[in-house]
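Working notes, structure below.
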Amino acid sequence: MTNQTDLADQLSEAAGAAFAALGLESSLGAMRRSDRPDLADFQCNGAMAAAKKLGRNPREIATAIVDALKASPLVASTDVAGPGFINVKVSAAALSARAAKIAADPRSGARSMETPRRVVIDFGGWNVAKEMHIGHLRSTVIGDSLQRLFRFMGDTVTSDVHLGDWGLQMGQLINEVKLEQPDLPYFDAVFTGPYPETSPVTMDDLGRLYPQASAKSKTDETRRDEDRKATQELQAGRPGYRALWHHFCNVTRVGLERECASLGVNFDLWKGESDAEPYVPELVEDLKARGIAELDAGAWIIRVARETDKKEMPPIILVNRDGAIGYHGSDLGTIVDRKRTIAPELSMYVVDQRQALHFEQVFRASDRAGLLPEKALEHLGFGTVNGPDGKPFKTREGGILKLYELISQADATALARMREAELGADVSDDERRDIAHKVAVAAIKFSDLSNVRTTNYIFDLDRFISFEGKTGPYLLYAAVRIKSLARRAEGEGVKPGPIAIELDAERGLVLQLDALNDALRGSYDKRMPHILCDHAYSLAQAFSSFYTAAPILVESDPAKKASRLALAMATLTQLELALHLIGIDTPERM
Ligand code: ARG
């Protein structure tokens, strides 16, 4: 895969040569997109830095650079602004050439990373026996977008759903099932199997039993002790408990896989907290021997506080006093597992911001234990999804909105909106439903991802599912419009041809197409999908201005027609690519 140079690279090279000719460092020539697109396409601030170093007048240096740049075929015009900014307007020839490169490239002009890394992304994080709900939606949507982006940039990504399947909630649930169905063989300590193959509980049962059990565990101390004991016995391998637990996991997983398929999210690994268990005893022995794990009131802990800490930093509990492994222990054991099987250079955890302390503790412990270094472990927190009242989103009845209910509500709303907008009127019912589902998923994902990851947002399906404004459906519609244009062009025998940039709206579109690398790199470096969402939206807007100013099929000049069609096709490729990287699939028509 060869990496293309974008306009900023080309201009930086030209300006760099001009700086070098003055005996200055060529890196001073770095050009970036202008802060004032009304005045210039690109700007370079190197003259100011050079002047400071040399004690010379920045405008003088800038003028010398501008004089040299005027001769470059890349440059239409250039001047010095303010204290010594170098402004550049790109030539039509450079824009046309860049557009041709983008149009011919299946990656739409996108660069990839020179040194790919092994990356683990831990997201989803749903819990066994709990219905997948809106709270885990963010992790799923953000994590999926990041796995797509990191893979696209060339990294070797392993995604892991890391199911919550091993903590106290498992013991709570075992005891709750025992209360309801005490005669099941799973509770008979002498029975050794075989156990029934069908689950004694459905997902609905689990959804009912879990809150019941956790409420009792909270208020009743005797019950809590029993739950802890059951958890410990499960973890120690009591056959009946293991068999019952397998049913809990399988029943939950069927539901999760259905939701994932519906959202178009894939995981490489369907591991869980329980998979860390085999690594923990060995880890504890090793850390004991090295004096890193300490016995504290019967529990094995690792101290992670530092003198420089400004807030309280409690130790992590590797194994609790009942001998059970909790959230800390399973996360540390998972790091051992990943280190051995994947050896990641970077691990990212896409988990609610409210778990920041947990991850700080675990990462420090990993570092102390000599597992993965702290700097290779990142917690990517996110804000909460709130209701109109600004509090975490609840249904009208005050409950938690289950994910499949959310998706079916979104599907229904999308269908209604399409009807209002007279979209999808001439397709079969099946296809219309399929399109509506794509619109619904686009709405849900885009409204989540277009927010800065760390902020909270207000959930409002009606606003998300609108074909106007900065929404997923608007972007889908923009892409579908170009697809329909392409079909009409084909019908009329019009083919894309050499690109020649003439109009301002064409310039604007190519500059936007060329901005893809900045958007990718920004999203990738900051792990912030909203930057890519912004790019997709700006691209759709630039296309819309272009299409208004430069109609295609009614154009009488065949060369112009072919050039504009080529630009439209290049836009479609890039728009679909950007949407794909945020997890959105485009239908063929609407
Ligand atoms: N199951 C956890 C929860 O619901 C999230 C898991 C996140 N991943 C991790 N490695 N701790 O809070």
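Numbers for residues simply follow the sequence, beginning at 1. As the structure lists them, so they are numbered: ligands from 1, and atoms in each ligand from 1. Hydrogens, waters and symmetry mates are skipped; everything else that's a heavy atom, side chains included, is used.
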Exercise for review: Please say whether the positively charged group of Arg107, taken as NZ for Lys or CZ for Arg, lies over the ring of Phe152, i.e. under 6.0 angstrom from the six-membered ring centre and within 45 degrees of the axis.
Suggested key: yes

Exercise for review: Would you check if the side chain of Arg453 reaches a backbone N or O of His530 as a donor-acceptor pair within less than 3.5 Å?
Suggested key: no

Check your understanding: Any chance the side chains of His162 and Tyr349 put a donor and an acceptor closer than 3.5 Å?
Key -> no

Review point. Does a donor on one side chain sit under 3.5 Å from an acceptor on the other, for Asn386 and Thr384?
Key: yes

Revision key, fill the gap. Those residues with a heavy-atom separation under 4.0 Å from ligand 1 are Asp122, Gly125, Asn127, His136, His162, Tyr327, Asp331, Tyr349, Val351, Gln355, Phe359

Check your understanding: Arg228 and Gln232: side-chain donor and acceptor closer than 3.5 Å?
Key -> no

**Study point:** Side-chain H-bond candidate by donor/acceptor type, Asp268 with Thr158, under 3.5 Å
**Key:** no

